[in-house]
Number of protein chains: 2
Amino acid sequence: MGNKNNLAAISERTGYSVSTVSRVLSGKAEKYRISAEAIAKVTEEAHRCNYRPNLVAQSLRTRQSQTVGLVVPGIDNPFFATLASVINAQLVQHGYHTLLADSRENPEEEIQAMEMFQDRNVDGIIAVPVAPTPEYHERVSQDIPLVLIDRYFDKTSLSYVCTDNYAGAYMAAKYLADKGYKRILAIQGVPASMPNRERVRGFQDALHERGIENQVRGDAFSVENGRREALAAFSGNPKAYDAIFAFSSTILLGAISALRRLGITEGKDVGVISYDNNGFLDFMNPAVTRVEQPLQEAGEIAVSTLFSFMEARRAGLPHPAPVQQLIRPTLVIRESC
Amino acid sequence: MGNKNNLAAISERTGYSVSTVSRVLSGKAEKYRISAEAIAKVTEEAHRCNYRPNLVAQSLRTRQSQTVGLVVPGIDNPFFATLASVINAQLVQHGYHTLLADSRENPEEEIQAMEMFQDRNVDGIIAVPVAPTPEYHERVSQDIPLVLIDRYFDKTSLSYVCTDNYAGAYMAAKYLADKGYKRILAIQGVPASMPNRERVRGFQDALHERGIENQVRGDAFSVENGRREALAAFSGNPKAYDAIFAFSSTILLGAISALRRLGITEGKDVGVISYDNNGFLDFMNPAVTRVEQPLQEAGEIAVSTLFSFMEARRAGLPHPAPVQQLIRPTLVIRESC
DNA sequence: AGACCATGCACAAACGATTGCGCAAAACAG
DNA sequence: CTGTTTTGCGCAATCGTTTGTGCATGGTCT
């Protein structure tokens with residue numbers, strides 16, 4: 001019934017030294033040739049008092065925390081929530097845990113989060129970066145394994161796993177063109193972010209190649225932005241465009257609400273297509289055709305890449321070559337265009 | 001230039017002892033009457049080398065971690081994602097951070113998560129419990145401040161902040177009744193969970209009082225369950241019910257997909273009403289009337305309650321009386337019934 | 001019997017911060 | 001000039017682990 005529950009207590013109760021107890025309980029018994037008898041007594045006592053090592057002390061001593069920092073631009077965004085879910089599940093499977101941070105699309109908060117991660121001795125970081133330039137992340141990456149996901153930087157040695165936004169947007173635009181749409185409006189998200197830039201490129205390339213009228217407006221992955229831009233685009237002329245490509249499902253929702261307000265019926269008067277994989281797109285009326293990103297796969301690759309870096313670090317090896325991977329998204333065809 | 005960045009390094013470079021440096025940098029200078037000169041030199045050096053305390057060591061010594069554990073049944077569920085977002089924001093504002101865990105509706109994983117929290121020395125826990133009984137949580141609560149949110153237990157001394165699910169369901173059912181619906185089907189979630197039981201009670205009370213036909217089916221807060229139950233209920237007779245009350249937005253989506261498949265138009269042939277506050281309900285066609293829960297408020301109360309417990313603990317005071325609060329949800333009226 | 005090796009374990013120093021206690025030197029009083 | 005107080009700071013223990021090193025004991029070999 002000893003109140004304390006640490007190695008010292010077990011040591012006292014079994015008569016073996018703290019070091020022996022430690023070695024037994026951390027599975028290093030044979031490496032240090034501990035007797036079968038000692039092993040038996042120590043493990044029994046450990047079970048009896050339900051010993052669990054103090055991870056803080058362990059972390060201080062070993063400089064490992066079994067913790068990975070995850071920073072996203074907005075955990076309330078279902079897209080990032082799903083990403084967090086996938087990543088957390090992967091980490092837990094490997095015996096790691098998630099220290100969560102939300103940068104709220106704010107570079108300063110992102111930096112604060114990453115400093116906090118360092119202060120807390122996380123073993124690695126997975127980030128959806130919001131900073132305009134990669135310098136800070138590159139600096140951190142020298143000290144702590146770091147993998148970017150969903151967003152990345154232009155010319156950088158940082159590792160990332162993202163979906164091929166150029167290909168996705170190209171597919172979507174081509175699909176609209178093939179369907180016969182002639183004047184297509186894209187409502188974009190944060191203009192400086194890499195996914196957005198790539199989507200704009202893909203969109204424009206596909207339509208220029210086909211000589212189809214197109215325009216890009218907007219500046220945020222938000223419902224408000226979708227609503228505002230759709231209102232502005234259609235309020236003068238309900239037939240200003242015959243299709244809308246929303247760069248996120250939030251934008252889509254805003255745009256649809258604007259269309260309805262203007263008496264325009266999505267899917268009939270104006271075709272709509274969207275980016276993102278929110279399941280509810282299937283339950284809208286009409287169900288929304290969209291570019292889906294393989295989040296599960298992306299999360300898995302990010303985590304396994306991170307682990308490979310962490311392992312190299314533990315082994316004292318040099319940092320492996322960066323992994324920079326673009327996953328191909330898929331076009332999910334429904335009835336909205 | 002020094003490679004290390006700890007108190008010892010600053011101590012060496014300034015010529016003051018580690019203890020003095022520690023006291024200066026943790027703001028206890030006057031308490032220990034450190035000279036102005038020492039304060040100046042130490043803080044300057046600390047800034048120069050950008051000193052940041054090692055939180056792991058700090059945590060080991062002080063038994064505080066500035067960390068709160070948050071366990072939810074599914075971070076990919078937008079409802080819990082929003083909850084996590086609100087709670088995390090509150091915590092960060094107070095200088096705390098979030099250690100995240102996902103029980104996936106699984107009592108065993110919930111226990112694992114909470115043990116992990118204890119091993120990592122979190123200062124408090126906020127949980128959406130999934131266990132069938134409160135015993136484990138009550139035990140933990142003796143060691144670590146704990147506040148439940150969204151779900152709670154029946155007769156328990158644990159603190160919780162939840163929405164008044166009885167009132168919410170009662171409101172919704174009454175609204176349907178007042179609109180003239182005569183045969184109402186509720187599709188429920190996890191039957192054993194407190195919110196679900198309260199919703200069933202509210203639903204049945206409201207309709208029994210008014211002598212209106214009603215039934216409750218289903219067993220999970222999932223799309224599949226909604227779909228399955230709606231199919232089963234309507235496939236024999238498309239007019240079996242004239243309204244559906246979905247106990248979550250996921251259930252709603254499943255039910256709607258079933259209705260469409262059967263050629264039944266929601267809002268016209270069958271009224272629908274839902275629980276939950278997913279913004280996209282406004283963008284469905286017709287927009288869905290629903291019972292919304294004040295998540296922001298709930299999160300704030302949970303966090304401030306938790307902090308009050310943590311403070312009492314630090315001060316060595318006895319655990320304050322439990323806070324058990326039900327917040328009234330609101331009925332958001334749209335066009336689906 | 002002496003040299004040698006394998007065995008089984010304990011000692012003590014880390015990791016980096018906090019903190020009770022006490023020690024010098026300076027200041028002051030008598 | 002001695003005794004007391006104040007000022008300013010350092011010593012060393014502590015949190016709970018991990019781990020390099022070393023020391024007995026007992027057995028084997030020549």
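What's counted below: heavy atoms across the whole structure, side chains too, no hydrogens, waters or symmetry copies.
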Touch class at under 4.0 angstrom, heavy-atom based, for A:S22 against every strand present: base
Residue whose nearest DNA chain C nucleotide is more 5′ - A:T20 or B:L60: A:T20
Distance, rounded to the nearest Å, where B:R120 contributes CZ and D:dG16 contributes P: 18 Å
Sugar-phosphate, base or nothing in reach of A:Y16, heavy atoms under 4.0 Å: sugar-phosphate
Below 4.0 Å: OP1/OP2 of D:dG16 and any side-chain N or O of A:K4: yes
Check ion pair B:E135-B:R139 (N to O, under 4.0 angstrom): no
Side-chain N or O of A:Y51 closer than 4.0 Å to phosphate OP1/OP2 of D:dG16: no
Below 4.0 Å: OP1/OP2 of D:dT18 and any side-chain N or O of A:Y32: no
Length of the line joining A:I34:CD1 and C:dA6:P, which is rounded to integer Å: 18 Å
Pairwise distance OG(A:S159) to NE2(A:H319) - rounded to 0.5 angstrom: 6.0 Å
Presence of B:K28 side-chain N/O under 4.0 Å of C:dT19 phosphate oxygens OP1/OP2: yes
Sugar-phosphate only, base, or nothing, as touched by B:V18 at under 4.0 Å among non-hydrogen atoms: base
Side-chain donor/acceptor of A:R33 to base of C:dT7, under 3.5 Å: no
Whole-Å gap separating P (D:dG8) and NZ (B:K31): 17 Å
Between P of C:dC15 and CZ of A:R61, the distance in whole Å: 8 Å
Point-to-point distance, once rounded to the nearest 0.5 Å, from CG of B:N54 to CD of A:Q118: 11.5 Å
Heavy-atom check, side chain of B:E37 versus side chain of B:K41, under 4.5 Å: yes
Among C:dT18, C:dC15, C:dT19, the one nearest B:S19 by side-chain distance: C:dT19
Atom-pair distance (CD on B:Q66; C1' on C:dT18), nearest Å: 14 Å
side-chain N/O B:N6 vs C:dG16 OP1/OP2, d < 4.0 Å: yes
Touch class at under 4.0 angstrom, heavy-atom based, for A:R63 against every strand present: sugar-phosphate
Whole angstrom value for the distance that separates P of D:dG16 from CG of A:L25: 16 Å
Touch class at under 4.0 angstrom, heavy-atom based, for B:S35 against every strand present: sugar-phosphate
Residue met sooner reading DNA chain D from 5', once B:R23 and A:Q58 are mapped to nucleotides: B:R23
Between A:Q142 and A:E138, a side-chain donor and acceptor under 3.5 Å: no
Sugar-phosphate, base or nothing in reach of B:A38, heavy atoms under 4.0 Å: sugar-phosphate
